[in-house]
Asker: 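Before we start, here is the structure in question, set down as structure tokens.
Below, chains carry the letters A, B, ... as their sequence lines are ordered, and counting in each starts from 1.
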Amino acid sequence: MQLQYQGSPFSDPGFSAPELQLSSLPPAVVSFKTWHALDDRERLSHAQGAFLALTQHLQLVGDDQRDLNPGSPMLLAQIRAARLRAQGLLGNMAAIMTALGLPIPPEEDTLGVVPFGASAFERKCRGYVVTREYGHWTDRAVRDLALLKAKYPG
Amino acid sequence: MALFSVFQTTFLLALLSLRTYQSEVLSEPLPWAPESLRVFINSTHQCLHLQWSVHNLAHHQELKMVFQIEISRIKTSNVIWVENYSTTVKWNQVLHWSWESKLPLECAKHFIRMRSAVDDAKTPEQSFWSNWSSWEEVHVQNSLGHDPFFVFPKDKLVEEGSNVTICYVSRSQQNNISCYLEGVRMQGEQLEPNVSVFNLNHVAFIRETGTNIYCKGDQGDSIKGIVLFVSKVLEEPKDFSCETQDLTTLNCTWDPRSDTGLLKQLSQSYTLFESFSGKKTLCKHKSWCSWEVAPESQEMYNFTLTAENYLRKRSVHLLFNLTHRVHPMAPFSVLFTDVSATNATMTWKVHTTGNYYTLLCQVELYGEGEVIQRNVSVEVDGKQLFGGLKPDTEYRAQVRCANANHFWKWSEWTRQNFTTAEAAPSEAPDVWRNVKSVQGHSVVTLFWKPLSKLQANGKILFYNIVIENLDRSSISKLLSIPAPANGTELNLDQCLYQIHVTANNSVGTSPASVIIVSGDPGNKEVEEERVKGMEDGFSLSWKPQPGNVTGYIVEWCDHPRGPLCDLQWKSVGPTTTSTVVSSDAFRPGVQYNFRIYGISTERVPYLLEKKTGYSQELDDAVCCKYRIDNPKQKTFVVENLQPESFYEFLVTPYTSVGEGPHGAFTKVTTPDEYSPILIRIILPMVFCILLIMIICYLKSQWMKEKCYPDIPDPYKSSVLSLIKSKENPRLTIMSIKDCVPDSIEVLNKQEGTRKSLTETESSKATYLYLLPTEKSYSGPGPCICFENFTYNQAASDSASCGHVPVAPVAPLSQLGLLTSPENLLKALEKNYMNSLGEIPAGETNLNYVSQLASAMSGDKFILPTNPPEPALCSEYKMQMAIPLGLASPPSSGSSSLSSVTLLDEGEHYH
């Protein structure tokens, strides 16, 4: 949805650019072996850190898109909704960590001064990366929580 | 003289020495050469800013100088730009100059140098170039990051139709990089081994959010790109105009043309500048702006409207006198006073302005088909009298005004309607009469035509009829007939009457229409003439009457065949002796009769002539003509007439000279042809059907039993009686509900049973019945029942069936062909018969084939240890000769049950 507003190549059918990454955003892609070997603390702190970064990045992308696509309120609303969901998930994960007696990592600024001075194309690219990673991290969080649920039934 | 020559030579030498000194100076730096040259880069605007100074200028000295600036690209020898920059240089001044590069500065190295010359009349001897400054190198690539490649320029804003140069700079020369504009690959040219340039000519506006241009390498490098913002070209505002309604505010309007707004750039803004007052205002709207008129009553205004966006400005000018641009507001309070039947006075007001001036107002009045237009000069209140109006008519009035002295524009119209008063009807009604004599009385039917709207002058309320007995002048009678009646009937005696008819509305009475009626209808015998109708009616003419005639009346009936003839008349003047009578009611094939009356000076009508004819003679209406030669014949039968048709007959005598006069036609309508015959046939038929229905109803139960019982009873089948007569009288009928087609039972016959089987062969009483599948059975295949009386002596009466004893090992190839019941029947019979002879003694195997096996899955066969549902076929089971050895259940697997053949998709189970 977000890509449709950005023009070619982003809006081209089947667009994918896995090489585009943001150093400030941890990638969700992980080998199954590594993922499975994570202990509870690692697993939750990885996800917690990722969603903390995602909330901040979604804020940035929302600001970017307000400039790039001011006439698309639906797009802006969707980005806002995604950020709120990420924040909600963050809160839930903090509760789980507390329940498991795990320390909650402190909130930190993941973006720093990176966002300033980006060109329009760079902002489109980082919008793509953030929304892509949001999707991947959401999928991974589902798997993470399913694993924990199986481990701690009831 | 010699002294002079010496002096001259000395002077020349001195001058020469000076020149020599000067040439020595030239090799030295010029005193005013550019120094401290610095170059600044503005990547966003692709600009190079140069900054330098000129030393050695005296305090307060000003010198006109020319600076020649040279710019090279990639290498110093590749000069791409030379420009002479002239300016006046002051003491201690820092000089600036800018240059915009077509190529983004990041795409290549640039080198800049300059030299100067004095271009001043005060020091003409200094007008030669200084030495070049050293080359200043500009290399932006040095400050790039570590990405594999970059695309430039970033986020460029250009106008539609301009040319843009784009480049990518690669870190490595091996990178094979492709660049795309909106998904279309661009063809570039190599500027340096690691730099390629793409020239985009006449770029088009695609969308407000910009055009993406991106590059990607073939080694999985990241996408890099730029967004090119292409704006529409700012156009000059069109139709710029200012006007005032009240002399206090000017309203200026224009057509803004296309919007050049983009993400990167706001829409163009508009400013209004007035040069006389020096005031300026930023317009809040795109197409109009308000301007407060100066209180010091400025008359002349010189406006400049400027449209401006990020890239350019456009201006238009307008000079005018304020009083020449007055567009008055629409008049108000439009009223009509003193409205009579023919006159009305219209008044209105205009909006006053600060200054006194005269307005020209235009008043228009629309009546029924007429327009009255007046121009009125107005200062405060307007007034206009309209005369000669029509009574009882609605008029629509409208008024608008403009500046009388300097016309600019009319105001909007202000509209108001009014209706004139009624007046007395202006014309007498057109009256005619029909007189009939009934038992010594005259029945006079008066007819009049309603007055037209123009004549009525209002709504006609009633008609007054004054009947004056001319024989006894003292007696007169007044009748009032309410509208909208158009006639009345009077019973009069045989006296002479003068009848006055007037129409009345709320205001007054119309002139009277006078007609004289006597007991004599005036229908004296006159000759009837035939006339021929034309397309537009009947053309009638008559002989002019000697003596005084006040007019003529032609009378006819619109519907001569109808019970109400719908009397019509047409009045013409005394000098007219012909007229054309036309009516929408005239139909082809109908004969119309016309009577022409003259009206005497005493207003007495008298019949002059009669005319008759068809407006259009139809082919089938043309009469056949029969000649009757026998003068004594009084009857004649006309044959071959059409049923249900209208005929008119006329009999006229003839002599050798010709035919006699035509009398009246006798009208005959022939009856319907078929109805008597139909009645004769249909009535008896209806009676018969009714009778049958009643009988059927009375005997309905019996009929149902006989013909359509709820459940067909096989015992009542005619087939049964046929069989009974020929075959076993003990024949029984199978009951369908007892049939279980899906069961397989395998029986092992002992020797003892063989006997009965053998008996079967000899008795030949084997009957095979094929039954259709009953719904309650899950299997779709046919239920085949065999009734074997050899087995079933006792049970046959109770109609048992359901299990099929067939011969052992039915060959699949043979059974596969059993598609039709007949084939199946034959095959089974044959196999069964054949097998009987082969059954070895003491170990007889009976193989049962499920009739539905081919369509069933799952329970393909059921061993005797697990017998089928016995409930329905218990009688049949009684016949089964089960060997004792097999009677006990679990041994079935190893028993001598040798062969069970299943007709299932070619599989055999043993």
Side-chain angles (χ1 to χ4, degrees), chain A residues 1-25 27 29 57 60-79 112-133, chain B residues 43-44 46 104 106 143-158 166 168 175 177-186 204-231 259 261-267:
Chain A
M1 169 82 184
Q2 191 257 0
L3 294 177
Q4 298 307 312
Y5 289 89
Q6 314 304 325
S8 179
F10 306 101
S11 59
D12 294 345
F15 170 75
S16 169
E19 67 278 4
L20 283 178
Q21 295 287 348
L22 284 173
S23 58
S24 51
L25 194 62
V29 178
H57 280 78
L60 173 70
V61 170
D63 291 355
D64 285 347
Q65 294 299 324
R66 193 175 299 117
D67 288 344
L68 294 170
N69 290 293
S72 309
M74 198 184 284
L75 170 67
L76 303 179
Q78 284 192 335
I79 294 169
V113 293
V114 174
F116 302 112
S119 72
F121 196 84
E122 286 164 350
R123 291 193 283 170
K124 287 181 180 185
C125 285
R126 74 185 176 201
Y128 158 71
V129 175
V130 170
T131 49
R132 182 192 66 196
E133 290 302 322
Chain B
S43 280
T44 312
Q46 296 181 199
E106 294 89 346
S143 58
L144 298 176
H146 300 288
D147 288 348
F149 68 95
F150 303 89
V151 184
F152 297 104
K154 288 186 173 179
D155 299 356
K156 189 155 177 77
L157 172 63
V158 292
I166 292 160
Y168 71 76
N175 270 3
I177 294 168
S178 316
C179 294
Y180 302 85
L181 185 147
E182 288 292 317
V184 178
R185 186 166 177 180
M186 301 187 293
F205 170 84
I206 294 178
R207 64 179 82 82
E208 288 178 1
T209 54
T211 307
N212 289 345
I213 296 168
Y214 66 96
C215 302
K216 60 181 179 185
D218 59 353
Q219 292 166 358
D221 295 326
S222 280
I223 290 175
K224 289 276 181 178
I226 62 162
V227 180
L228 187 67
F229 292 95
V230 183
S231 86
D259 186 352
L262 290 177
L263 282 177
K264 191 89 173 142
Q265 162 184 284
L266 295 172
S267 297

Asker: Is the shortest side-chain heavy-atom distance between B:K156 and B:Q46 below 4.5 Å?
Answerer: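 Of all side-chain heavy-atom pairs linking B:Q46 with B:K156, at least one is under 4.5 Å.
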
Asker: Can you say whether the rings of A:F15 and A:F10 are parallel (under 30°), tilted (30 to 60°) or perpendicular (over 60°)?
Answerer: perpendicular

Asker: So what's closer than 4.5 Å to chain A heavy atoms on B:I206: side chain, backbone, both or neither?
Answerer: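 For B:I206, neither part sits under 4.5 Å from chain A.
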
Asker: Is A:A120 in contact with chain B via its backbone, its side chain, both, or neither, using a 4.5 Å heavy-atom distance?
Answerer: both

Asker: Do A:D63 and A:R66 have side-chain heavy atoms sitting under 4.5 Å apart?
Answerer: yes

Asker: Using non-hydrogen atoms only, which part of A:E122 is less than 4.5 Å away from chain B: side chain, backbone, both, or neither?
Answerer: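 Just the side chain, heavy atoms under 4.5 Å.
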
Asker: Measuring heavy-atom distances to chain B, does A:D67 have an atom under 4.5 Å in its side chain, in its backbone, in both, or in neither?
Answerer: backbone

Asker: When rounded to the nearest 0.5 angstrom, what distance separates CZ in B:R207 from CZ in B:F229?
Answerer: 10.5 Å

